[in-house]
Amino acid sequence: MSKEYSIAVIAGDGIGPEVVRQGLRVLEHVAAREGFRIRTSLYPFGAEHYLETKEIFPDGAFGEVRQHDAILLGAIGDPRIEVGLLEFGIIAKLRFELDLYVNLRPVKLYAEHLCPLKDKAPEDVDFIVVRENTEDAYAGIRGFFKKGTPDEVASQEIIFTRKGVERVIRYAFELARRRDRAKKLTLVDKANAVRAMDLWTRVFEEVGREYPDIARDHAYIDAACMWCVKNPEWFDTVVTSNMFGDILTDLAAMIQGGLGIAASGNIHPGRVSLFEPIHGSAPKYTGKNVANPLATVMAVSMMLDYLGESRAAGLIEDTVAALLRSKRIPSLGSDSGLSTSGIGDLVLEALEQKAPA
Ligand code: IPM
Ligand code: MN
């Protein structure tokens with residue numbers, strides 16, 4: 001009996017369904033080729049479903065989703081709906097309730113011409129950001145006082161727990177070791193102003209002593225943004241808090257060619273984890289068959305790697321890289337001259353042409 005993986009699919013809003021469709025075609029192809037099976041369950045949650053039923057993500061369905069081996073998500077967000085309602089009801093719910101404490105974001109440039117930085121080549125842009133995914137301002141401890149009056153007070157707490165900081169830092173040290181590149185881990189924080197981040201400083205030192213083979217490096221978030229543009233080659237593995245990681249990885253996505261290629265994993269090692277493109281639902285491109293599906297294809301590759309199918313994951317990554325290097329896919333925006341399904345076709349053709357290993 002060949003192996004079978006169960007995948008919960010939440011295609012979501014806007015361009016989500018279009019890009020997920022291409023991601024699933026690629027997934028089915030590599031599964032057949034590598035001899036494992038995929039069983040997908042599709043869940044309809046998102047704006048359309050909410051408008052029709054007033055349901056965001058009911059507990060029954062949530063209970064089902066968590067029984068799968070992994071989750072593939074397209075995009076959530078719709079201008080017709082109150083800001084944050086679906087983002088928190090779906091994405092944040094999954095991150096918090098499944099305790100997906102690592103948000104993993106590879107930043108890898110596949111072809112020089114995709115990089116907006118002058119004189120930077122693929123060997124200069126190849127790092128990975130480990131973003132804490134369950135704490136910080138995202139924990140939702142907030143409130144308003146005298147709302148709507150001139151005396152209004154609004155607050156939201158930044159929280160870090162010893163456990164939460166330690167587990168993500170430990171994950172990052174392990175990853176720096178596994179990557180086996182510069183063997184360097186950079187802690188990105190703002191401990192000079194946000195003094196609560198002294199917890200990160202101390203835990204980084206403490207845990208770091210258990211990893212004498214990994215060099216410890218540090219940058220404040222503002223400087224890290226600068227280095228990301230000026231000397232991205234200085235980064236190997238980066239670990240940071242939830243909100244700083246959110247911001248830094250959008251910037252980082254640009255130097256790898258844009259949101260059209262950037263994928264992420266929301267991971268709790270050993271448990272059901274979620275994979276998604278970093279981009280949003282892009283309402284203005286919805287249904288036009290112009291959105292680039294490569295970020296979702298790369299999310300599928302990350303998912304396979306997580307599931308232990310590293311050969312299939314590598315095959316997808318190499319195929320996408322070759323299509324970009326040869327300029328058969330000339331750019332990553334919606335202006336590439338290629339359609340969503342057309343890019344899917346190119347990836348499948350290139351996979352078919354690759355001689356089996
Ligand atoms: C991301 C997104 C989310 C975040 C939003 C949609 C809440 O920007 O996955 O980076 O801030 O984490
Ligand atoms: Mn973000």
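Numbering of ligands and ligand atoms starts at 1, following listing order.
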Indicate whether any N or O donor in one side chain lies under 3.5 Å from an N or O acceptor in the other, for Glu4 and Ser2.
no
Met243, portion touching ligand 1 at heavy-atom distance under 4.0 Å
neither
Closest to atom 2 (C) of ligand 1 by heavy-atom distance, out of Leu73, Asn133, Asp246, is Asp246
Do we see a donor-acceptor contact under 3.5 Å between the side chains of Ser281 and Asp78?
no
Non-hydrogen side-chain atoms of Leu98 and Arg271 separated by less than 4.5 Å:
no
Winner among Glu276, His279, Arg105 once heavy atoms are compared against atom 1 (C) of ligand 1:
Arg105
Within the structure provided, determine whether Ser264 and Thr249 are in side-chain contact (heavy-atom separation under 4.5 Å).
no
For atom 11 (O) of ligand 1, closest protein heavy-atom neighbour
Tyr138 OH, 2.6 Å
Do Gln22 and Thr296 have side-chain heavy atoms sitting under 4.5 Å apart?
no
Shortest protein heavy-atom distance from atom 6 (C) of ligand 1, along with the residue and atom involved
Glu87 CG, 3.8 Å
Counting non-hydrogen protein atoms only, what is the nearest one to atom 3 (C) of ligand 1? Give residue, atom name and distance.
Arg95 NH1, 4.1 Å
Is the distance from the Mn ion (ligand 2) to some N, O or S atom of Asp246 under 2.8 Å?
yes
